[in-house]
Amino acid sequence: MPPLQLLPAPRSITYSQGRLALPPEMFILLDSSPATRDLFAAERFVLEAEALTETRFQIAVTAACVNPLCEIRVLPDLTLSHEQGYRLTIARKGITLQAKTPAGTFYAFQTLQQIIRESAYARPAQQRSRKSALSLPLLTIDDAPDFARRGVYHDTARGKVPTVDTLLQLIDDLAHLKINEFQLYVENNFQFRKHPEMYDDTTPFTAEELLLLDSACRARHMDFVPSLTSLGHFDKILRRPTFRHLAEVEPAELKAQGVTTWSDDPWTLCVTDPGAKALLKEMYDEFVPNFSSSQLNICCDESWDLAKGRSKAAAAALGEKGATRLYVQWIDFCNTLASSHGKRIQMWGDIILHHPEMIPDLPQDATLLEWGYESHHAFDEHCTTIAQRLGKGGRRFYVAPGTASWLSFAGRSRNALGNIHNAAAAGLKQGAAGLLVTDWGDHGHQQFLAVSLLPFAYAAAASWNLASVPNPAPEKAPDWSTGLAPRPAKSLDKALHPFLASASLHLFHDPEKSFAALAYDLGLTYERFSWQRFNGSLDWFLFREKFDCTNCVNRPSEKDLHAVIAATEALLSPFLSATLRHPDAALLQAEFALTARQVLHTA
C-alpha cells in the first residue's frame, strides 16, 4: 500500500501485512487513574470517527479486555522518553494507544483520526454506498515532536477581530495538527471596563469570550497565552485625547528633527511617566486574569522612538546605551506586573538584539522571541547570539517566523514556507524551546484567514518533525536593492507534493488531495511579477495606490500582468468546484475565490 499522508508526519511508521476491518461496534477503554484525563480526547475522536465509518464507538473505563478485536485500548506508558510522545498500534487484535501524558494520548487520537479519514476518503464510491466496513492498515507508529512548544500567533488588533465561532474552529483545526500554543495579539480590542473610550472604534473581545477560548484550548492541550501591547504599537490608544499625554513624543516633533516616523499618531508609551505605568497596570489587571496560562507575551517590539522625546534626558543620564538600559528597566517593570498575576513573560527580541550583550540583564525567566519574516532571515546568526548570551541556565527562547500573508491578498507561499523551515532549522540547532508562527494584519488586515491556514499547517509539520518537510525556497536570497529574485527550480515545488496532499486531507478535508496545492499556487502570485517587494506582494500595493510609497504602479510589465491573470483565472474554477468536507468548507472556498478575484481586479 502507498504510505499514509499524515500531518504532521510521524517520526516512525512500521507497516505490517494486512488490514483491520472495523467492527460495527467498538469500545474505547480508558485508564481509571483518572478516567477524565483522556475523556475529552476520546469524545472528540468519536464525533468525527462515527461520521466517517459504519462503526459505533462507546467509551468505558476498565482494565479488562473482553474482545480485543472490538476495542481501542488507551494505556499510560511511563517508559516513553518524551512527555508528548505516543505509540499507536493497529493490529489484527485491535488498536492500542500508549502515551506518557494526557497530551500524548490526545496526539495519538489525532493520528488515529487522520488514518481513519484518509482510509475513508480512499474507499471507492460503491463501497461507501454499500456501507461496508472501513479497514485500516496494520502498523505501529512511534512519535514525538522536535519542539516542545509549537505555536500560532494571530493578529486581532489591526482591522479584524474574529468571532468566537471562527476562533473555536481555528483552535480545533490547529489542535488536530498538534499545535499546543495559541496567542491573539491585542492592543485596544479588549473590553477594558475602566477605559471604555479605549475601544470605541472596534468590536472588542469580552472577558467571557476569552474565558471560553481558554477553556477550549485547555481541553485540547493548548496553552492560550495572553499577548498585549505594552510599549510600542500603542498608537491606537495614544491617539485618543484621554491618553495622548502619556506618549513618548509627538510625530510632528520627530519630523521637525528629521526623524522618519511610522505613524501620524504617537507610537510608544513614555517609560518615565508614572501615568503610563499606572495605565498599563490597570490594563494588565483587567486582561491577564482571563487566561489560565503561566505565560504572558508583553510584546515590547519596534519601540523605535524610545528616548527620542520625553525620556531622552533619562536615557542620557544612564550613559552609553542609555536607551537600551531604559528599555530593560521597562521590561523589568512589565515583568513585575506579570509576576503579580503569576505569569512569566515572553517578549519580542528585536530591540534587545541591538545590544545583545544586555540580554543577560533581562528577567531570568523571560522567553525571548526571535522573529523575522523573509525566507532568508538571519535566524541562524541571531539564534547563535541569543543562545550564547542566555547561557545554559534554563533560560528560553523561541523562533518566530511568519505566514507572510500580510501586505498581500494571496500570501507569499514560497517565502512563508521557506521562512518557517529556516527558523525551525536554526531553532533546533541552537536549542530553541519553541516555534511560534506569526500572522500579522498590517494596514487593515485585508487578507482572509483562509490564506494563512496553509502556512499554519506547514509550521505544525516543521515544528513537530522538520525532517518530514522540504524547504521550497531557493538557496540564493532575493536582492532587495533591485527587487530581483532567483527563479526557483520546479523540483522545489515537486518535493512539496506529499505535504500539500496531507494538508489537503487533514487541514481542508479534501478527498481529492488537491485543495492545498491550489492555495499554494495562488500564494505564488507575487513571484509572477518580475519585481518583488520586501515584506509584501506587489499586487496588494497596486490595489492600494494611495499608499504607493515605492512607485509600485510602474513596476509590473505587461507580460507580468498577463502571467498573473492567466494563472489566477486557471485557479478560480477549481477553488469553487472543490468538494471539501471541512465544517467551514463553503467559507473557505468563498474566501479563496474572492482572493483570486481581488488579484484579477488588481491586474
Side-chain angles (χ1 to χ4, degrees), residues 7 152-156 158-177 179 182 184-185 402-417 420 437-442 444-461 496 499-526 536-537 539-540 543 567-568 570-602:
L7 184 64
V152 164
Y153 187 101
H154 182 59
D155 188 347
T156 67
R158 293 186 287 176
K160 289 180 181 175
V161 181
T163 66
V164 169
D165 285 346
T166 293
L167 291 173
L168 288 173
Q169 183 62 59
L170 179 60
I171 288 167
D172 202 51
D173 289 343
L174 294 175
H176 185 54
L177 304 182
I179 291 292
F182 187 53
L184 298 175
Y185 176 52
T403 63
S405 65
W406 57 93
L407 305 185
S408 80
F409 291 123
R412 294 185 293 146
S413 297
R414 189 185 313 282
N415 178 82
L417 274 54
I420 294 166
V437 64
T438 61
D439 187 45
W440 298 106
D442 299 35
H445 210 142
Q446 282 190 283
Q447 77 275 17
F448 290 115
L449 177 59
V451 169
S452 302
L453 296 181
L454 188 64
F456 287 166
Y458 186 88
L496 272 179
F499 161 73
L500 294 173
S502 66
S504 293
L505 283 168
H506 305 303
L507 173 65
F508 296 113
H509 299 196
D510 174 23
E512 303 302 320
K513 305 183 186 181
S514 61
F515 199 82
L518 299 176
Y520 178 77
D521 200 358
L522 184 62
L524 296 180
T525 296
Y526 77 107
S537 182
D539 51 295
W540 188 89
F543 187 85
T568 308
L571 293 170
L572 188 53
S573 177
F575 274 129
L576 292 171
S577 61
T579 54
L580 307 186
R581 300 184 187 178
H582 188 278
D584 282 340
L587 180 61
L588 289 170
Q589 290 176 256
E591 289 190 354
F592 276 114
L594 184 52
T595 297
R597 291 187 176 110
Q598 287 175 310
V599 172
L600 289 171
H601 174 80
T602 300

Run the numbers on His509 and Leu580 for side chain to side chain contact (heavy atoms under 4.5 Å, CB included), then give the verdict. CA-CA 6 Å; His509 299 196; Leu580 307 186; 5.6 Å; no
Taking it one step at a time, do Tyr526 and Trp540 satisfy side chain to side chain contact (heavy atoms under 4.5 Å, CB included)? CA-CA 9 Å; Tyr526 77 107; Trp540 188 89; over 6 Å; no
Can you tell me how far apart OH (Tyr458) and CG (Leu496) are? Round to the nearest 0.5 Å. 6.5 Å
Could you tell me if the side chain of Phe448 sits less than 4.5 Å from the side chain of Leu587, heavy atoms only? no
Is there side-chain contact between Leu518 and Leu522, with heavy atoms separated by less than 4.5 Å? no
Is Gln447 reaching over with its side chain to a backbone N or O of Phe409, donor-acceptor style, under 3.5 angstrom? no
Determine yes or no for a side-chain-to-main-chain donor-acceptor pair under 3.5 angstrom, with Ser504 supplying the side chain and Phe515 the backbone. yes
If you take the centroid of each ring, where Trp contributes its six-membered ring, are His445 and His154 closer together than 6.0 Å? yes
Asp165 and Gln169: side-chain donor and acceptor closer than 3.5 Å? no
Would you give the length of the straight line joining atom CZ of Phe575 to atom CG of Leu594, rounded to the nearest 0.5 angstrom? 12.0 Å
Evaluate side chain to side chain contact (heavy atoms under 4.5 Å, CB included) for Phe592 paired with Leu572, printing each intermediate quantity in order. CA-CA 8 Å; Phe592 276 114; Leu572 188 53; over 6 Å; no
Mind listing the closest non-hydrogen atom pair of Pro455 and Ile420 along with its distance? O-CD1, 3.6 Å
Rounding to 0.5 Å, atoms NE2 (His176) and CD1 (Ile171) come to a distance of 16.0 Å
Would you compute the distance between atom CZ of Arg158 and atom CG of Asp442 and round it to the nearest 0.5 angstrom? 4.0 Å
Indicate yes or no for a side-chain donor-acceptor contact from Thr166 to the backbone of Pro162 under 3.5 Å, with no hydrogens or angles considered. no
From Leu505 CG over to Leu7 CG, what is the distance, rounded to the nearest 0.5 angstrom? 9.5 Å
Pairwise distance CG(Leu507) to OG(Ser502) - rounded to 0.5 angstrom: 9.0 Å
Non-hydrogen atoms of Ala516 and Leu500 that approach each other most closely: CB-O, 3.3 Å
For a quick test of reading the model, state the closest non-hydrogen atom pair linking Gln446 to Lys160 and the distance between them. O-NZ, 3.6 Å
Closest non-hydrogen atom pair between Leu576 and Arg597, with its separation: CD1-NH2, 3.8 Å
Do Leu453 and Asp173 have side-chain heavy atoms sitting under 4.5 Å apart? no
Are the ring centres of Trp440 and Tyr153 closer than 6.0 Å? yes
Asp510 side chain to Ser514 main-chain N or O, any donor-acceptor pair under 3.5 Å? yes
Ser537 side chain to Ser408 backbone, donor-acceptor under 3.5 Å: no
Does the pair Phe456 and Ile179 meet the rule for a side chain to side chain contact (heavy atoms under 4.5 Å, CB included), with working shown? CA-CA 9 Å; Phe456 287 166; Ile179 291 292; over 6 Å; no
Classify the side-chain pair Ser452/Asp439 by whether it contains a donor and acceptor separated by less than 3.5 Å. yes
Shortest non-hydrogen contact from Asn415 to Ala404? ND2-CB, 3.7 Å
Gln589 side-chain N/O to Ala578 backbone N/O, donor-acceptor pair under 3.5 Å: yes
Do you know which two heavy atoms are closest between Arg414 and Tyr520, and how far apart they sit? NH1-OH, 3.3 Å
